[in-house]
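Just below is one structure, and these are the notes that go with it.
The sequence lines fix the lettering, A, B, ..., with proteins before strands; numbering per chain opens at 1. Source: prediction; values computed, not measured.
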Amino acid sequence: MTTETAAEAPLLESPRTRSSGRTGQRSNHELYSWLFMRVSGLVLVFLVLGHLLIMNILDGGVQRINFGFVAGRWSSPFWQVWDLLQLWLAQLHGANGLRTVINDYAERDQTRFWLKMLLYAASVLILFLGTLVIFTFDPSIG
Amino acid sequence: MWSWVAHRITGVLVFFFLFVHVLDTALVRVSPDAYDRVIDTYKTPIVNLLEVGLVGAVLFHALNGIRIILIDFWAQGPRHQKAMLWTIVVVWVVLMVPGTYFMLEHTVTDLFGSAS
């Protein structure tokens with residue numbers, strides 16, 4: 001907030017008129033984002049806990065994982081769909097969560113803007129790369 | 001309040017792991033050898049211990065997430081939020097004890113030798 005002497009103080013607009021053209025037609029996107037967190041979260045409980053149970057706990061856990069193990073799994077459309085769904089829901093759920101965290105703690109407008117741009121760029125990269133890898137995986141590579 | 005803080009911290013940690021994990025898995029597209037080498041680091045004792053932390057973080061986030069859904073959508077949810085918090089803490093411990101055992105079994109026998 002700027003402090004000015006009474007002599008040069010301009011007429012201040014009422015804070016109510018400040019919102020630029022959005023008065024009267026506020027969007028519902030924060031409501032959808034709130035709902036998405038609950039719906040995707042519920043699905044992810046099954047997908048991610050299932051993934052961790054298989055990959056880290058059952059049948060020797062992480063010790064048995066190698067290229068051949070991945071090739072065996074992704075030969076089945078079931079696990080391809082599982083992993084694709086898990087990738088998209090987890091990345092979008094996580095990005096939306098981090099967006100909330102950034103909004104809460106980054107106080108400067110510039111900081112908030114650039115942190116979110118970094119977040120969105122990273123999210124696009126991960127979704128693109130992950131999807132590409134699942135769809136173009138070649139077990140006979142190398 | 002503390003469950004809210006823990007939900008945030010575990011959420012952010014899991015998000016950063018997801019970033020790394022998609023990158024390391026993408027190495028299956030480079031060569032079997034490149035993938036196997038990076039996955040071998042997941043099998044070392046220290047990273048293995050970090051995996052227990054990861055599973056613990058995900059499990060807490062999942063259980064507390066279910067609790068949040070119940071608080072939001074179940075009429076009796078807010079009234080039972082404290083009881084549900086203690087319930088998820090108990091469920092977390094009950095699942096983490098055998099989970100930790102199976103996750104560390106190989107590393108512990110490797111480091112300290114089989115007891116038998």
Take atom OH in B:Y101; do more than 12 heavy atoms of anything else shown fall under 6.0 Å from it? no
Between the CG atom in B:D110 and the CD atom in A:Q63, the distance rounded to the nearest 0.5 Å is 7.5 Å
For A:W79, is the CH2 atom crowded, meaning more than 12 foreign heavy atoms sit under 6.0 Å from it? yes
Go through the atoms of B:N48 and report whether side chain, backbone, both or neither lie under 4.5 Å from a heavy atom of chain A. side chain
Quick one: what part of B:D72 sits under 4.5 Å from any heavy atom of chain A, side chain, backbone, both or neither? side chain
Give the ring-plane orientation class for A:W34 versus B:F73, where under 30° counts as parallel, over 60° as perpendicular and anything between as tilted. tilted
Answer key: most heavy-atom pairs under 4.5 Å with chain B among A:L129, A:V62, A:V48, A:D138 is A:V62
Sort A:L119 into side chain, backbone, both or neither according to what part of it lies under 4.5 angstrom from a heavy atom of chain B. side chain
Keeping B:D36 on the side-chain end and A:F67 on the backbone end, is there a donor-acceptor pair under 3.5 Å? yes
Joint cluster assignment, A:F36 & A:L84, ILVMFWY side-chain distance < 4.5 Å: yes
Please classify the contact between B:Y35 and chain A as side chain, backbone, both or neither, with a heavy-atom cut-off of under 4.5 Å. side chain
Which pair of non-hydrogen atoms, one from A:I57 and one from B:M103, has the smallest distance, and what is that distance? CG1-CG, 3.8 Å
Applying a strict under-4.5 Å side-chain criterion to I, L, V, M, F, W and Y, I'd like to know whether B:V55 and B:F17 cluster together. yes
Is there a side chain to side chain contact (heavy atoms under 4.5 Å, CB included) between A:M55 and B:Y42 once you walk through the steps? CA-CA 11 Å; A:M55 297 301 187; B:Y42 277 83; over 6 Å; no
To the nearest 0.5 Å, what is the distance between CG on A:L53 and CZ on B:F102? 10.0 Å
Out of curiosity, A:M37 CE to B:I69 CD1, how far, rounded to the nearest 0.5 Å? 10.5 Å
So with a 6.0 Å cut-off around CD1 of B:I46, is the heavy-atom count from everything else above 12? no
Of the backbone (N, CA, C, O) and the side chain (C-beta and beyond), which part of B:R8 lies under 4.5 Å from a heavy atom of chain A, both, or neither? side chain
One option among A:V70, A:T100, A:I134, A:L125 has the most heavy-atom pairs under 4.5 Å with chain B, and it is A:V70
Which of the residues B:E51, B:H106, B:H21 is involved in the greatest number of heavy-atom pairs with chain A at under 4.5 angstrom? B:H106
Counting only heavy atoms from other residues, nucleotides and ligands, does the tally under 6.0 Å from CZ of A:F69 exceed 12? yes
Verify same cluster id: A:Y105, B:V12 (apolar side-chain graph, 4.5 Å): yes
Working to the nearest 0.5 Å, report the span between CG of A:N56 and CG of B:L104. 10.5 Å
Neighbour count above 12 (heavy atom, 6.0 Å) for B:Q76 CD: yes
Against chain B, work out which of A:T136, A:L87, A:L58, A:D104 has the most heavy-atom pairs shorter than 4.5 Å and name it. A:T136
Chain B contact via A:L52 - side chain, backbone, both or neither, heavy atoms under 4.5 Å: side chain
Only pairs of heavy atoms separated by less than 4.5 Å count here; which of A:I65, A:V45, A:L49 has the most with chain B? A:I65
Spatial distance of atom NE2 (A:H93) from atom CZ (B:F15) [nearest 0.5 Å]: 11.5 Å
I'd like to know if B:V108 and B:V97 are part of one continuous hydrophobic network [Ile/Leu/Val/Met/Phe/Trp/Tyr, side-chain heavy atoms within less than 4.5 Å]. yes
Mind checking whether B:I9 and B:F19 sit in one hydrophobic cluster, side chains of I, L, V, M, F, W, Y counted as touching below 4.5 Å? no
For B:L23 versus A:I126, what's the shortest heavy-atom pair and its separation? CD2-CD1, 4.2 Å
